[in-house]
2 protein chains.
Amino acid sequence: MAVVRQSPNMSAIAAALGVSAATVSNALSGKGRVSPELADKVRIKAAELGYVPSLTARALRTGRSGVLGLVLPDIANPLFPQIAQAIENAAAAVGYGVLIADSRGDIATQTEAINRLLERGVDGMVVVPRRATRIADIGCPVAVIDTPSTPGNTIAADHWQGGELIGRHLVQLGHRRVLLIGTHRDSNVQNDRIGGVKAGLGPGVDCDTLWIEKVEGEGGEGCLLGLADRVAAGFTGFAAVSDLSALRALTELQRAGIGVPERVSVTGFDNLIWSPVVTPALTTVRMDLATIADLAVAALMRAIEAEADADGAGSGRVSSAPDRVAMQLIIRQSSGPPGPGAAPYPAPGPYPLHAKIPTHPTAGEPQA
Amino acid sequence: MAVVRQSPNMSAIAAALGVSAATVSNALSGKGRVSPELADKVRIKAAELGYVPSLTARALRTGRSGVLGLVLPDIANPLFPQIAQAIENAAAAVGYGVLIADSRGDIATQTEAINRLLERGVDGMVVVPRRATRIADIGCPVAVIDTPSTPGNTIAADHWQGGELIGRHLVQLGHRRVLLIGTHRDSNVQNDRIGGVKAGLGPGVDCDTLWIEKVEGEGGEGCLLGLADRVAAGFTGFAAVSDLSALRALTELQRAGIGVPERVSVTGFDNLIWSPVVTPALTTVRMDLATIADLAVAALMRAIEAEADADGAGSGRVSSAPDRVAMQLIIRQSSGPPGPGAAPYPAPGPYPLHAKIPTHPTAGEPQA
DNA sequence: TCTACCTGATTAATCGTTTAAGCAGAAAAA
DNA sequence: TTTTTCTGCTTAAACGATTAATCAGGTAGA
């Protein structure tokens, strides 16, 4: 029986055409001097034989693996799929593969993950650092995705501006007492978002910040946040800095019989998968991850290119001036004018805000 | 200034010790014949110079890249982080890297993604196929993670058994009219789960199945599911085959003023990130992804090994007998005995079921 | 003492590609 | 005609590891 051939190499093509392997290489890469006719013949023969170049051999020779590393702080973060997808997309578009590394747990694990990627010879890496950590200079180009206020950062969504969008939205709706909900006090991203919301709300609005880590430190994980008390105290806006916290707030308020959005409003961040399908659908702010990923990968490509040219030198962080990408407000049903403290629910019947609800993740009416 | 040395190679070690590169290789790999003393000296020198083997060169020579591919049907699926994490973990434990590929979109994209991975020379791949697709024989070992009822499958959670856990749980609580909620009619996983739930409920329970795709086909994306009507019709159990659908059901019911779990119960599947933190926390069923990933990777390792031994031959799917891994029931607050149709909410005050709530993802009391 | 065998190393080929250098012949410049 | 330049290809040396084959020298058995 016909043995399945190994995938043919350049020598096979060369032999079939009676030329040298170098000529085949030149013909396919378009680099050396090859007559157009021969180049055509080579290409045709390559296709005919089903030639697939060995990226391994190429990597060995050129010193470039064609692979980027993606280091994630906590792979359980629900934002991760979007980031991974965006990076994988952007990388694939320029012919790169993406090797993932989970740095879940402590900083030591993050360093170890980075080293694993380095050993595998990645040409560059995208790092979404753990909260409050900085990425040291390592032996290859690194694009850090964090928040613009983090020193040494390269590419980021403009979390502060996103916060402003939320703040302005709430104040325009008429909210004058807003509770900000964050999870981790030491997160630069969350602090930027909170700062932005406050700035957007302006001086006339009374704000307080609830850190879930603190509440849970006292009440145990998954405990109630005491939002009903806050409503009683006059809070009508609940601006969480993550859709996960927003969801927690929303369900807790609903559970307590407090109408959203008739009485109070809830907003989130990141447009996570569930935000369009919960009832009421969450008003939130989304990052333009496609753009961020494109910028990150493009910056890496430049750095890799530069490293190849001026050999030995530039192996630092890419793109000294941080790129900040604007966020977009997605207004759905969970936000509205603050209502009276009376009946938690409107008259029974169909959901009053029932309407064409935007779908995840591109829809909604993004507002700059 | 001291130029930063390139990372040294075997020849550097060999030269430093006055031996040949082959000896260094043998000493480090423990394969050839090297005197123990020399081997020690080599190891010490290697550490001293900070030697890092070139996986690329090794891959070229041995034909093994040390990389596995991970193909995902839809990277936006919230289950993905858990899968990716589990696979990355299991792979790292055996010294393998993981290259991701997103086959979002159609089957053509899935095929293309697989080809990209093949070109990159992965030694094997883990595929989570799109709904209702089968993975053709490709040129390397493949571990498919799907559901045991899919033909040609290799490793899977026992979705049917997971469904039975939910079904038995609901019937024991006293539910006699249960609505099953699925999203895609053609999903083998969902059909297995639904079958399991029905089996667990037994013959005495009245069941109906609501397919969200159909509802949305009529009402638009994100529309209401009409669950309030179902409650009016006497349904007290709402068993979604995904936590995302469960969340949708939960918020819709809460929004309609229907108490969960006092009046009706809601259960989900997969123990996704939000299930422990919503109020009430979701009763759900989790897959043992760590075990599944370990099995998948182990099967791939065996296949890769076998392929290396009996050269040319076995490049098919691994492990003919499908491994099915038991799922675990996690009882939280969203399920309870069915209540009277009266007051949607109990007396105000602290959440009656407030208790130490298990945290994500390992906690809860898994019940076989 | 002579052959056989074992030990501990070396040599050299190999994986598949890239690329600098070289070379023969033709075309252009002198 | 001679020199120079260009064209189109080949040669050969990498890249860094693995590994089969070989070899020198010591030891043991006959």
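Bear in mind the structure is a predicted one, so any value in this text is a computation, not a measurement. Naming: A, B, ... by sequence-line order, numbering from 1 per chain.
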* Check each residue of residues 38-48 of chain A for a non-hydrogen atom within less than 4.0 Å of any atom in DNA chain C, then write out the ones that pass by number, or none. => none

* 4.5 Å side-chain heavy-atom contact, A:Leu68 and A:Leu300 -> yes

Which pairs would a plain distance check flag for residues 10-21 of chain A, meaning a side-chain donor or acceptor within less than 3.5 Å of a matching protein atom at least two apart in sequence or in another chain?
unit_1, atom_1, unit_2, atom_2, d
A:Ser20, OG, A:Thr23, N, 3.3
A:Ser20, OG, A:Thr23, OG1, 3.1

* Please state how far atom CZ in B:Arg33 lies from atom P in D:dC23, giving the value in whole angstrom units. => 14 Å

* Asked: Could you state the CZ-P distance from B:Arg64 to D:dG16, rounded to the nearest angstrom?
  -> 23 Å

Could you pull out the protein-nucleic contacts involving nucleotides 25-28 of chain D (nitrogen or oxygen on both sides, under 3.5 Å)?
none

* Asked: Heavy atoms, side chains only, cut-off 4.5 Å: are B:Thr56 and A:Thr56 in contact?
  -> yes

* To do: Evaluate the side-chain proximity of B:Leu28 to B:Val42: yes if any heavy-atom separation is below 4.5 Å, no if none is.
  => yes

Would you mind writing out the side-chain donor-acceptor pairs for residues 116-125 of chain A within the sub-3.5 Å range, not counting sequence neighbours?
unit_1, atom_1, unit_2, atom_2, d
A:Arg116, NH2, B:Glu88, OE2, 2.9
A:Arg120, NH1, B:Gly66, O, 3.4
A:Arg120, NH2, B:Gly66, O, 3.4
A:Arg120, NH2, B:Gly95, O, 2.7
A:Asp123, OD1, A:Ser65, N, 2.9
A:Asp123, OD1, A:Ser65, OG, 3.1
A:Asp123, OD2, A:Ser65, N, 3.1
A:Asp123, OD2, A:Gly66, N, 2.8
A:Asp123, OD2, A:Tyr96, OH, 3.1

* Asked: Taking the side chain as C-beta and beyond, is there a heavy-atom pair between A:Pro78 and B:Pro81 under 4.5 Å?
  -> no

* Asked: Is A:Val128 close to A:Asp146 at the side-chain level, that is, under 4.5 Å between some pair of heavy atoms?
  -> no

Atom pairs and distances, donor-acceptor, side-chain atoms in residues 43-53 of chain B, under 3.5 Å, two or more places apart:
unit_1, atom_1, unit_2, atom_2, d
B:Arg43, NH2, B:Asp40, OD1, 3.0
B:Lys45, NZ, B:Glu48, OE2, 3.2

* Asked: Are the side chains of B:Leu289 and B:Ile87 in touch, meaning some heavy atoms are under 4.5 Å apart?
  -> no

* How would you label the contact of B:Ser20 with the nucleic acid (heavy atoms, under 4.0 Å): base, sugar-phosphate, or nothing? -> base

* Is there side-chain contact between A:Val325 and A:Met287, with at least one heavy-atom pair below 4.5 Å? -> no

Could you list all N or O pairs between the protein and nucleotides 16-20 of chain C that sit under 3.5 Å apart?
unit_1, atom_1, unit_2, atom_2, d
C:dG16, N2, A:Ala57, O, 3.4
C:dT17, OP1, A:Tyr51, OH, 2.6
C:dT17, OP1, A:Ser54, N, 3.3
C:dT17, OP2, A:Met10, N, 2.6
C:dT18, OP1, A:Arg58, NE, 2.7
C:dT18, OP1, A:Arg58, NH2, 3.3
C:dT18, OP2, A:Ser25, OG, 3.0
C:dT18, O2, A:Arg61, NH1, 2.1
C:dT19, OP2, A:Lys31, NZ, 3.3

